[in-house]
Amino acid sequence: MGRQDPSLKASYLEPQRKSRGSLIADVMALIKLRQTTLLVLSMYAAFILGGGLNRPLTDHLAVLLLGYASISAVTAINMYLDRDIDALMPRTSNRPLASGRLDSRAVLIVSSLLYTASLVLASIYINMYYSIAILIGFVFDIIAYTIMLKRRTPLSIVAGAVAGGAPSLGGWAAATGVIDVNALLLSLLVVVWVPAHIWFLATYYKDDYRKAAVPMLPVVADPNVTAMGIGLGALIMGYIVVGLWLNGVIGIIPLAYGLFAALHIFVMAVNYSFTHGDAAYARKAFKFSNMHLGVLYLFMVLEKLLHSC
Ligand code: HEM
Ligand SMILES: CC(C)=CCC/C(C)=C/CC/C(C)=C/COP(=O)(O)OP(=O)(O)O
């Protein structure tokens, strides 16, 4: 495991403090609700694009509920495994496990049971490929990213990105019964968006990651190297939305917005390079990159809804 800064007291070793804030707020923090919601949106968008609109309401609910359950469970397991380094970073030190407000053993048991139940229920009520997508999410986020790579190499985000692309595979499979080239394109859209997402953020929190000895690229490399990775991801995003449009998966509105978003992320990568990785600029770019992915999915779903009217 990566060397940690001994000067910082790991608060999670302290006796459990009185629970501050409500249990609901702690659970929302434990499952990283905003991140999990965008991940579920990516899954649901793939479901709708795959033809799920006309499926019975119970199918929509199964995709959404099992998406939230499985992604929340995996996120909570990640938080259990990272509670030591989370306690060292100001950004994460107030999290329920890092601060000792929630019992880590109980969280591990509940989230493991929730994940297992999601896997079984998905294979019964949706299909095997949806379950395979959930399994990919677990293997790449927990085993490859969190346990094997995050504390050792900047390449960890490659594994995390595959995990982030897994919900799209599941959503498409839930509608079509298969994982085909269009499912892979939708999954790849998330994968190539991740560098902008995490490297802009990691630039702003560089000191945190340095304290916890987590080698995110902005901590260990020249800003131009980071900018190149983000820029290449933006370029490939552009190719992917054109590919989805040529395959008839998305229409002209998501295509136009997707190209605009890819261009904007590329321009932000160039500005990041020009400002030598300015932290304040990177934080704004992080917020824009999140907005772009969410708006793109909303345009994809809304366009399908409008075409069905
Ligand atoms: C290697 C993959 C990823 C890494 C390392 C990563 C890391 C992070 C980090 C460190 C935060 C800040 C959390 C906090 O401070 O509490 C965050 C927030 C977030 N992530 Fe990710 N993430 C990854 C993949 C994804 C994916 C695939 C999605 C969605 C498709 C996503 C959506 C979000 C959202 C919506 C937020 C909240 C942003 C906000 O607070 O404004 N992330 N992520
Ligand atoms: C279908 C399914 C189960 C998919 C799994 C989707 C999923 C949870 C992807 C995780 C993405 C990721 C690596 C987040 C960063 O964690 P971090 O530990 O770097 O973030 P932190 O520093 O904020 O804790």
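Note that these values count all heavy atoms, side chains included, but never hydrogens, waters or copies made by symmetry. Everything quoted here is computed from the prediction, not taken from an experiment. Remember, it's 1-based here, ligands and their atoms both numbered in the order they're listed.
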Exercise. For ligand 2, which atoms, with element, lie under 4.0 Å from some heavy atom of Gln35?
Worked result: 14 (C)
Seminar exercise, completed: So the atoms of ligand 2 within less than 4.0 Å of a heavy atom of Arg91 turn out to be 21 (P), 22 (O), 23 (O)
Exercise. Which heavy atom of the protein is the closest neighbour of atom 24 (O) of ligand 2, given with residue, atom name and distance?
Worked result: Arg95 NH1, 2.6 Å
Problem set entry | Closest to atom 6 (C) of ligand 2 (judged by heavy-atom distance), picking from Ser70, Ala202, Ala163, Ala166 | Ala163
For this session: Return a yes/no value for Arg91: is any of its N or O atoms, backbone included, closer than 3.5 angstrom to an N or O of ligand 1?
Result: yes
Exercise. Do any of the N, O or S atoms of Asn290 sit under 2.8 Å from atom 21 (Fe) of ligand 1?
Worked result: no
Problem set entry | atom 7 (C) of ligand 2 - nearest protein heavy atom and its distance | Leu39 CD1, 3.9 Å
For this session: Among all protein heavy atoms, pick the one closest to atom 3 (C) of ligand 2 and tell me residue, atom and distance.
Result: Val74 CG2, 3.8 Å
Exercise. Does ligand 2 have a heavy atom under 4.0 Å from the side chain of Asn78, from its backbone, from both, or from neither?
Worked result: side chain
Exercise. Any chance CZ of Phe266 has more than 12 other-residue heavy atoms, nucleotides or ligands included, within less than 6.0 Å?
Worked result: no
Problem set entry | N or O contact, Lys32 vs ligand 2, cut-off under 3.5 Å | yes
Problem set entry | atom 19 (O) of ligand 2: the protein heavy-atom neighbour that sits closest, reported with distance to 0.1 Å | Tyr145 OH, 2.5 Å
